[in-house]
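The sequence lines fix the lettering, A, B, ..., with proteins before strands; numbering per chain opens at 1.
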Amino acid sequence: MAKLQPVRGTHDLLGEDARRHRHVVETALATAARYGFSEIQTPIFEFTEVFARTLGETSDVVSKEMYSFTDRGGETITLRPEGTAGVARALISGGLTQDLPLKLFYQGPMFRYERPQKGRQRQFHQIGVELLGVPAPQADIEVITVGADILDALGIFDGVVLELNTLGDTESREAYRTALVDYLIGHKDGLSEDSLRRLEVNPLRILDSKDEGDRAIVANAPSFGDYLNAASQDFYGTVKAGLEAVGVPYRQNDRLVRGLDYYCHTAYEFVTDRLGAQGTVMAGGRYDGLVEMMGGPSTPGVGWAAGIERIAMMIEAPAAPARPVAVIPVGEEAAIAAIKLSHDLRKAGIAVEMGYSGNLGKRMKRANKLGASHAVILGETELENGVATVRDLDSGTQTEIALGKIGDHLKAEV
RNA sequence: GCGGGUGUAGCUCAGCUGGUUAGAGCGCCAGAUUGUGGAUCUGGAGGUCGUGGGUUCAAGACCCAUCACUCGCCCCA
């Protein structure tokens, strides 16, 4: 470390960036609240097992991207790489299965040891929702709809496309998986190196390979739709009908898959072409097997997560904070009076800036730079008369106003 | 983890085929203006040219390594 610098893939957030970030979180939380979601904050670290068990030992996230360490008590701990596992753990350990159905919203930092890129950092932030305890497709519809509504509230819905697919129930998925592997083994010679590896680990993933050779083979592969049993078809049909009813457009994407075993039925992603290689803005699916896999009672669930940084890059800049009023003392005597006046005005709900040094000219200059709407000048002559000079910095006009009435005057002006 | 690009002041960048004291604009500080800002003018601060090696009489420029950012792959939000 030659120079003091932030750890690779981490960033400081300030000014407009911080405002964008906050705006995403607040908009999402407020929107989700209208759908009955309430916030849950789970710890930033969990026992490593929580993630290893749920994400699968073979997944990239678990096998090479986790920030894991042994703490001073000898426990194996991992900084959370995603939010669902922690929520599922909380459901089990907190006995929340008594309160089903549950609609939870979360937000916060996640950690993955990945190569940083635009829209991909090692510490990144997600918002997400989980709807637990509802086996019916109405839950899927509601979860996708709240996501769409959030993107709409953030003004980026027109920059995004909802891609939708179904993985069917376990029976359908196993049947398809077998058929797909049989087919792919027959074309083994033409598959890319990556896909040969996927064939072992996660064959469904080959469906969305970007390799041209793979694509040619995949084009003639058996179709998932042919392997869906009646129940799975019904389920998916209801989800689609629901989305149509609420007017959320979607694009069927047969190649959209989820790697992990506990995913079933609905899989979806809101994607964009505005962020380069990082096209996925919000993604999720149904995970009926997850809670049981973690050792809890069989509990269906559906949810999504979205990258705050990615969304923050897409939205319009949020409104800047309200313009402050600059309180300017002139001379020693006025200093304390100015502190009191500032305090009173702030108590009255007005944003006040009062510099720490400088003469009137310098303070005026600073007030201008801060974008102050008014300067409230408090000098000896004003003090004697119990007034302050209130100058409108846009028009340049100024009047003397009694100290007790300044708050009201300023509020009336704005 | 793999492949490509970039790295000069707080910011955006210039710096010719290596040549002597590294520049501009914006921003910052100060003064013109010791109770009145925005404009203008004047002056000033700020750079081990990402870092470490190497080649050369001479390196910001060339070579190697390394760090960071960036684009794509992998994976994913």
task: Please test Tyr67(A) against Gln123(A) for side-chain hydrogen bond (donor to acceptor under 3.5 Å, both in side chains), starting from the C-alpha separation and ending with a verdict.
output: CA-CA 10 Å; Tyr67(A) 278 92; Gln123(A) 177 179 334; over 6 Å; no
Among the nucleotides [options], which one has an atom lying closest to any side-chain atom of [X]?
X: Leu360(A); options: G35(B), G1(B), C76(B); answer: G35(B)
X: Asn359(A); options: U70(B), G35(B), C76(B); answer: G35(B)
X: Arg197(A); options: G1(B), C74(B), C76(B); answer: C74(B)
X: Met364(A); options: C76(B), G37(B), C71(B); answer: G37(B)
X: Pro116(A); options: A77(B), G1(B), C69(B); answer: C69(B)
X: Gln117(A); options: C73(B), C76(B), G35(B); answer: C73(B)
X: Arg112(A); options: G1(B), A77(B), U36(B); answer: A77(B)
X: Ala283(A); options: A77(B), C2(B), C74(B); answer: A77(B)
X: Arg8(A); options: C29(B), U36(B), A68(B); answer: A68(B)
X: Lys365(A); options: G37(B), G35(B), A77(B); answer: G37(B)

Specify the separation, in whole Å, of atom [atom1] of [X] and atom [atom2] of [N].
X: Lys369(A); N: G27(B); atom1: NZ; atom2: P; value: 9 Å
X: Leu393(A); N: A39(B); atom1: CG; atom2: P; value: 13 Å
X: Lys118(A); N: A77(B); atom1: NZ; atom2: C1'; value: 15 Å
X: Gln121(A); N: A68(B); atom1: CD; atom2: P; value: 14 Å
X: Leu256(A); N: C75(B); atom1: CG; atom2: P; value: 14 Å
X: Arg115(A); N: A68(B); atom1: CZ; atom2: C1'; value: 11 Å
X: Phe124(A); N: C75(B); atom1: CZ; atom2: C1'; value: 11 Å
X: Arg274(A); N: C71(B); atom1: CZ; atom2: P; value: 17 Å

message: Salt bridge check, Glu244(A) against Lys240(A): does any charged N sit closer than 4.0 Å to a carboxylate O?
response: no
field: Closest contact, heavy atoms only, Gly159(A) versus Thr272(A)
entry: O-OG1, 2.8 Å
message: Please give me the minimum heavy-atom distance between Val129(A) and Phe105(A), naming the atom from each residue.
response: CG1-CD1, 3.9 Å
- prompt: Are side-chain N/O atoms of Thr31(A) and Asp149(A) paired as donor and acceptor at under 3.5 Å?
  reply: no
- line: Between Ser209(A) and Gly396(A), the residue closer to the 5' end of RNA chain B by nearest nucleotide is Gly396(A)
- prompt: For Asp392(A) and Glu309(A), take the nucleotide of RNA chain B holding the closest heavy atom to each; which residue's nucleotide lies nearer the 5' end?
  reply: Asp392(A)
I'd like to know if [X] reaches the base of [N] with its side chain, counting only an N/O donor and acceptor under 3.5 Å.
X: Arg363(A); N: G35(B); answer: no
X: Arg120(A); N: C75(B); answer: yes
X: Arg310(A); N: C76(B); answer: yes

When rounded to the nearest Å, what value does the distance between [atom1] atoms of [N] and [M] take?
N: U70(B); M: C28(B); atom1: C1'; value: 29 Å
N: U8(B); M: G4(B); atom1: C1'; value: 23 Å
N: A45(B); M: C26(B); atom1: C1'; value: 16 Å
N: C74(B); M: G1(B); atom1: C1'; value: 8 Å
N: U33(B); M: U40(B); atom1: C1'; value: 13 Å
N: U12(B); M: A32(B); atom1: P; value: 34 Å
N: A14(B); M: G25(B); atom1: P; value: 16 Å
N: G18(B); M: C62(B); atom1: P; value: 8 Å

With both distances under 3.5 Å as the test, what is the Watson-Crick or G-U wobble partner of [N]?
N: C73(B); value: G1(B)
N: A39(B); value: none
N: A65(B); value: U51(B)
N: A14(B); value: none
N: C28(B); value: G44(B)
N: G60(B); value: none

Could you check whether [X] gets within reach of a base, just the sugar-phosphate, or nothing at all, counting any heavy atom under 4.0 Å?
X: Ile377(A); answer: base
X: Gly331(A); answer: nothing
X: Asp208(A); answer: nothing
X: Glu114(A); answer: base
X: Gly9(A); answer: sugar-phosphate

[X] side-chain N/O to [N] phosphate OP1/OP2 under 4.0 Å:
X: Gln398(A); N: U36(B); value: no
X: Arg391(A); N: G35(B); value: no
X: Lys362(A); N: U36(B); value: no

query: Taking the inter-plane angle between the rings of Phe69(A) and Phe45(A) on a 0 to 90° scale, is it parallel (under 30°), tilted (30 to 60°) or perpendicular (over 60°)?
result: perpendicular
message: In terms of relative ring orientation, are Phe270(A) and Tyr268(A) parallel, tilted or perpendicular, with 30° and 60° separating the classes?
response: perpendicular
message: If you apply the rule side-chain hydrogen bond (donor to acceptor under 3.5 Å, both in side chains), what do you find for Gln398(A) with Asp392(A), and how did you get there?
response: CA-CA 6 Å; Gln398(A) 60 185 46; Asp392(A) 182 318; over 6 Å; no
field: Nearest-0.5 Å distance that lies between atom CE in Met354(A) and atom CZ in Arg363(A)
entry: 6.0 Å
